[in-house]
4 protein chains.
Amino acid sequence: MAGSVNKVILIGNLGADPEIKRTQDGRPIANLRIATSETWRDRTSGERKEKTEWHRVVIFSEGLCKIAEQYLKKGSKVYIEGQLQTRKWTDQSGVEKYSTEVVLQNFNSTLTMLDGRNSGGGSFGPDDAGGGFGSGSPSGSAPRRAAAADSHRGDMDDDIPF
Amino acid sequence: MAGSVNKVILIGNLGADPEIKRTQDGRPIANLRIATSETWRDRTSGERKEKTEWHRVVIFSEGLCKIAEQYLKKGSKVYIEGQLQTRKWTDQSGVEKYSTEVVLQNFNSTLTMLDGRNSGGGSFGPDDAGGGFGSGSPSGSAPRRAAAADSHRGDMDDDIPF
Amino acid sequence: MAGSVNKVILIGNLGADPEIKRTQDGRPIANLRIATSETWRDRTSGERKEKTEWHRVVIFSEGLCKIAEQYLKKGSKVYIEGQLQTRKWTDQSGVEKYSTEVVLQNFNSTLTMLDGRNSGGGSFGPDDAGGGFGSGSPSGSAPRRAAAADSHRGDMDDDIPF
Amino acid sequence: MAGSVNKVILIGNLGADPEIKRTQDGRPIANLRIATSETWRDRTSGERKEKTEWHRVVIFSEGLCKIAEQYLKKGSKVYIEGQLQTRKWTDQSGVEKYSTEVVLQNFNSTLTMLDGRNSGGGSFGPDDAGGGFGSGSPSGSAPRRAAAADSHRGDMDDDIPF
DNA sequence: TTTT
DNA sequence: TTTT
């Protein structure tokens, strides 16, 4: 549709190390599990409450996959900007299932590390290569960004088993 | 968790009129189906492509429910700001299902009409009453906003059948 | 600094037609004036109040400049996503002035028309060419997006007179 | 204007301790200086470049002021969500000046600490009181949020000297 | 399964 | 199921 926006912004921690897979033609896909949570004090009991929400984040950008692989691990705090996408799949017993994921793929996706632990964090767009912070190309670098720009974009509907 | 953010921003059109339900104790819940879509031209074929994504939006705020009921209908264009939430439920055959929804409930939720059709659009926070644009209290109105501030907040985990 | 985010999201109307200028080496720059406003009812007087805020939006992306030139005009409603930037300049009398602008330049910038008036709106990233909606390349189009990717990025600090 | 959005999202570090002032009638106002920066590698020279942007953040919410006062200091990393506002003022020599600030005031404002240093960070809406994390009321707490909800909203245009 |  |  013309004139629409689909944006998700999360700041949370990884519940596990990133899981990197490859499609048959070699493109990487990174899967992250990110927790966000809210805490509040119950009105009546006065108890401290907490509710954690788990998010499935899928990275289709080759550059961001490299960065996820190299710098993120269980516990890492990240800022991510992506879009909502729901996939339909059929499980072993033939039951139709839906999975809603936060996808980092297009030019408006961002992955930013908020930890000081791994060389201090950095901010990346979808096509940044992850050759270390020395040669890597954080957010704003034109040439690297332009390099391959979501070259998998046309495969968005591929039936990728993950 | 401390220091986390869970935010969804959508601009899209309603695929159907809002569906308003009530909990047993009378609190309203509005369900919206919102479509966002992207269009692009295929690299190789040159064809124009379009992909539409459907989002389930659930409004727990009484004020925003009223506004949805009064002003939104099939085709309405809206800006919404809410948060991601995944519910688990069991269908008739006993199969566990998950549904990920964009929830408008807390103080950071917003619903803004982008259509000129219904009195020109307006922007609302979660506790705005919907007594028409004349008496309604668009975004920024302190007193109305403070009135009932998500009084259902503590019921967030209720098992609401919708 | 590593790990930072600088993002502005506006939905508003143009107060005037876009003003397009060119740098000496021919790169286009579009300037937009966008109004956002809030309305509320005064707590005590019950009066309806409105406050309008005017924003200076500057587009350095060649593709988005074309789109602004072709499709936007006074009154157009737009969604824009850019970043805050403050420029220092000296006026004729030698007084130092500062101007804070919302800049659309890098890969995370977006311009989306929310009007039905001009062929119905569309969503664009920074490198979309504006050859009409037929040949234009809305948000998500990989090849066009990759084309020139902010080729002016290195000139960010140029002393552009506008 | 109906149907508008004015939102700024920043993640950055404080360049100095928060500066807390009070209006004549005792309301607190906190001023923060927040730096965001981008780094990139120059296309031609291959040099590593960095550009830092400084933002003026003004907090009108009493609860968020307390939190800023108690938990933020020079170097703190924060996530903030507010809105753009430009003030006009006249300096000592009678010259008209403009200052654009990110204002945290209304129900859609958020302040989240992203440091582990000060008791681990937390997320707050505009009306959270800052009586320590034990009694404080992080994002989502209905009763505290409802307490005074931007009771200074009507004074938005006060001529506050800061 | 994270984090505080 | 929307919208263009």
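Below, chain A is the first sequence line, B the second, and so on; all start at residue 1. In what follows, every heavy atom counts, from backbone to side chain, and hydrogens, waters and symmetry copies are set aside.
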Could you tell me whether the side-chain ring of A:Trp54 sits stacked on the base of E:dT1, using a centroid cut-off under 5.5 Å and a plane angle under 30°?
yes
Within this structure, what is the [atom1]-to-[atom2] distance between [X] and [N], rounded to whole angstrom?
| X | N | atom1 | atom2 | result |
| --- | --- | --- | --- | --- |
| A:Ile80 | E:dT2 | CD1 | P | 19 Å |
| A:Lys77 | E:dT1 | NZ | P | 20 Å |
| B:Lys88 | E:dT1 | NZ | C1' | 14 Å |
| B:Ile11 | F:dT3 | CD1 | C1' | 13 Å |
| B:Lys51 | F:dT4 | NZ | C1' | 17 Å |
| A:Glu38 | E:dT2 | CD | P | 19 Å |
| B:Lys73 | F:dT1 | NZ | P | 19 Å |
| B:Leu32 | F:dT2 | CG | C1' | 12 Å |

Can you identify which nucleotide, out of E:dT3, E:dT1, F:dT3, has its nearest atom closest to the B:Glu50 side chain?
F:dT3
Can you measure from NZ (A:Lys74) to CZ (A:Arg33) and round to the nearest 0.5 angstrom?
13.5 Å
Is a side-chain N or O of A:Lys97 found less than 3.5 angstrom from the main chain of B:Tyr98, in a donor-acceptor match?
no
Residues in side-chain hydrogen bond (donor to acceptor under 3.5 Å, both in side chains) contact with B:Thr90, at least two apart in sequence or another chain
none
Using side-chain hydrogen bond (donor to acceptor under 3.5 Å, both in side chains) as the criterion, list what pairs up with A:Glu47, not counting sequence neighbours.
A:Ser45
Would you state whether a donor and an acceptor, one from the side chain of B:Ser4 and one from the base of E:dT2, lie under 3.5 Å apart?
no
Can you say whether a donor on the side chain of A:Ser76 sits under 3.5 Å from an acceptor on the base of E:dT2, or the other way round?
no
